[in-house]
Each structure stands twice: as C-alpha cells, then as structure tokens.
**Student:** 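A single structure is presented below for examination.
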Amino acid sequence: MIDRRMLAGTGLAGSVLTALLAAIGQVDPDPQLSHVSLTVSDFAVHDRGGATDAAMVVFGLSAWCLLPAVRATAPRILLALFGAAMTVAALAPTDLGPLTTTGYLHRYASMLAFAALPLAAVTLRPVSRAVRWTAAAAAGSAVLMLASATLADRFLIGAAERYLLLAEVLLLGLLAVRVRRDCPARPARSTVSHA
C-alpha cells in the first residue's frame, strides 16, 4: 500500500531541494550574465545538465509525489500537468538566439507549468490565506514577466521570473505541508503477542 503521508513528505523535501538547486544554479557560470535581464533558463543554457536543469526535474517530480494524496480531480490533474510540463521544460532547453522548435517547446511547457501550479493550489479546498497570497504573488509575477516579454523588450524579465519561481516553490511547499497534514498517520504496528 502506498504511504501517501510519506510521499507528501517527499514532495516537501523535494521543494526544499528544488530551492537549493535553483540557488546553486544562479551562481554565475559566466560573470557577464545578469540576474535581472536574463531568465533562469538563459542561465541553464550556460550550464546544460547542471543544477538548474536538476532543479526543474526535482520540482516536477515533487509535485507528482503529492498526487496519490490528492483526492479532488481538478487539483490532481493540474499538479500532474505541472509535473509533466516542468520535466519537459528541463529536457527541452531554451535558445539564446532565435527560438528553435526545442526553444518553443521549452517556452510553452514553462508557461503551462507556471499557470498549472497556482491553479492547482487554489482549487484544492479549503484554500488557506498563505496559499491564496502566494498564488496571487505567482500570478502577479507571471503577468510582469509576460508584460516584460511582450511590451518592454524583456526589461527586468529575469527579476520577474525569479520572483515567480520563488512564489511557485513556496506554493508547492505549502501544498505539500497541507496534503501531508491531511493524510492520516499510519497506525503503529502492535507489538503485543497473542498467546
């Protein structure tokens, strides 16, 4: 039998590991790279197969760890989509120049992931104030990132994306805590012998 509580704990540990790997991935592989004007994916191109790619895969797998404990259909589907999209985004790198097919795949998988996780969080009832505020912060950062990409020639796109990712990692951690708390603890095995 699947221990849903343990899997939810693994999802929580995965969100912490995601944050650690993402922070390591932000140590400049090239001193000329700007955290403010370049996206995390741009950094990952310079360190292909490194900490940032690993963080994205761990992030997706961490969401999948919560699936057995989530009963409601909508959040479960959205968490599954998030995990799949984040994994695809890790495996399909972006491009530093004009986007190729792989670059477009990365872009749209990332967009799907960024939308799916906050939606999963707010559809898993009841919604705590912390989840609501963190989902709102993620949505606001996503809007800023989209505005930067479409209206402002990518001005501050790196900063907006880093706030978005911070909110999303926190959101997954909050969901993992919630799901773990809602799972019943396994009863301890009886050590009394029956003669």
Side-chain angles (χ1 to χ4, degrees), residues 10-11 14-15 17-26 29 33 35 37-67 70 73-124 134-135 137-151 154 156-176:
T10 303
S15 65
L17 180 58
T18 297
L20 177 63
L21 287 168
I24 291 168
Q26 293 308 290
L33 298 180
H35 292 88
S37 60
L38 294 176
T39 65
V40 171
S41 298
D42 294 334
F43 272 60
V45 169
H46 288 87
D47 186 28
R48 190 74 195 126
T52 301
D53 290 335
M56 293 168 69
V57 171
V58 169
F59 202 17
L61 294 176
S62 298
W64 285 343
C65 287
L66 304 182
L67 293 177
V70 175
T73 304
R76 190 174 191 168
I77 290 170
L78 289 163
L79 277 172
L81 276 174
F82 168 79
M86 191 54 64
T87 303
V88 168
L91 298 176
T94 192
D95 301 296
L96 293 179
L99 290 183
T100 62
T101 302
T102 304
Y104 279 110
L105 183 60
H106 175 89
R107 174 183 285 177
Y108 293 118
S110 298
M111 289 170 61
L112 176 60
F114 291 153
L117 185 58
L119 287 173
V122 298
T123 56
L124 185 60
T134 308
S141 297
V143 168
L144 287 175
M145 189 176 173
L146 182 61
S148 172
T150 57
L151 304 173
R154 295 175 55 97
L156 300 179
I157 196 167
E161 187 190 41
R162 282 165 179 82
Y163 285 119
L164 170 61
L165 290 171
L166 176 62
E168 299 241 350
V169 170
L170 286 172
L171 198 51
L172 186 64
L174 288 169
L175 286 177

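Values below: every heavy atom of this structure, side chains too, minus hydrogens, waters and symmetry copies. Positions are given from 1 along the sequence.
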**Student:** Atom CG of L79 and atom OG1 of T123: how far apart are they, to the nearest 0.5 Å?
**Tutor:**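 If we round to the nearest 0.5 Å, L79:CG and T123:OG1 are 8.0 Å apart.
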**Student:** Please find the pair of heavy atoms, one from A109 and one from A89, that lie closest to each other, and give the distance.
**Tutor:**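 Smallest interatomic distance, heavy atoms only, reads CB-N, 4.0 Å.
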**Student:** Taking all non-hydrogen atoms of both residues, which atom of S37 and which atom of I157 are closest, and how far apart?
**Tutor:**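 That closest heavy-atom pairing would be O-CG2, 3.4 Å.
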**Student:** So, taking the atom named CG in L66 and the one named CG in L172, what distance separates them when rounded to the nearest 0.5 Å?
**Tutor:**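 Taking CG in L66 and CG in L172, the distance rounds to 5.5 Å.
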**Student:** Can you tell me how far the CZ atom of R162 sits from the CG atom of L38, to the nearest 0.5 Å?
**Tutor:**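 R162 atom CZ to L38 atom CG measures 7.5 Å (nearest 0.5 Å).
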**Student:** Do Y163 and M145 come within less than 4.5 Å of each other through their side chains, counting heavy atoms only?
**Tutor:**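 The answer is no, as the side chains (C-beta and beyond) never meet within the 4.5 Å cut-off.
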**Student:** I'd like to check the ring pair (Phe, Tyr, Trp, His ring centres under 6.0 Å) partners of F59; sequence neighbours left out, ordered by chain and number.
**Tutor:**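 F82.
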**Student:** Where is the tightest heavy-atom contact between G103 and D95, given as atom of each residue plus distance?
**Tutor:**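 Of all heavy-atom pairs spanning G103 and D95, the closest is CA-OD2, 3.2 Å.
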**Student:** What are the two closest heavy atoms between V58 and G14, and how far apart are they?
**Tutor:**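 Taking every non-hydrogen atom into account, CG1-O, 3.5 Å.
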**Student:** Nearest heavy-atom pair of L164 and A138: which atoms, and what distance?
**Tutor:**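 That closest heavy-atom pairing would be CD1-O, 3.2 Å.
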**Student:** Looking at CG of L174 and CG of L124, how far apart are the two atoms once the value is rounded to the nearest 0.5 Å?
**Tutor:**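 It is 11.5 Å, given to the nearest 0.5 Å.
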**Student:** How far apart are the closest heavy atoms of A55 and L21, and which atoms are they?
**Tutor:**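 In terms of heavy atoms, the two residues are closest at CB-CB, 3.6 Å.
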**Student:** Kindly indicate whether the side chain of Y104, heavy atoms from C-beta on, has any atom under 4.5 Å from the side chain of T101.
**Tutor:**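 They are not in side-chain contact.
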**Student:** Could you measure the distance from the CG atom of L175 to the OG atom of S62? Nearest 0.5 Å is fine.
**Tutor:**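 Rounded to the nearest 0.5 Å, the CG-OG separation comes to 12.0 Å.
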**Student:** Can you tell if the side chain of V40 reaches within under 4.5 Å of the side chain of Q26, non-hydrogen atoms only?
**Tutor:**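 V40 vs Q26: side chains touch.
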**Student:** From T52 OG1 over to D42 CG, what is the distance, rounded to the nearest 0.5 angstrom?
**Tutor:**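 Between atom OG1 of T52 and atom CG of D42 there are 11.0 Å.
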**Student:** Report yes if some heavy atom in the side chain of M56 is under 4.5 Å from a heavy atom in the side chain of H106; otherwise report no.
**Tutor:**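 Of all side-chain heavy-atom pairs linking H106 with M56, at least one is under 4.5 Å.
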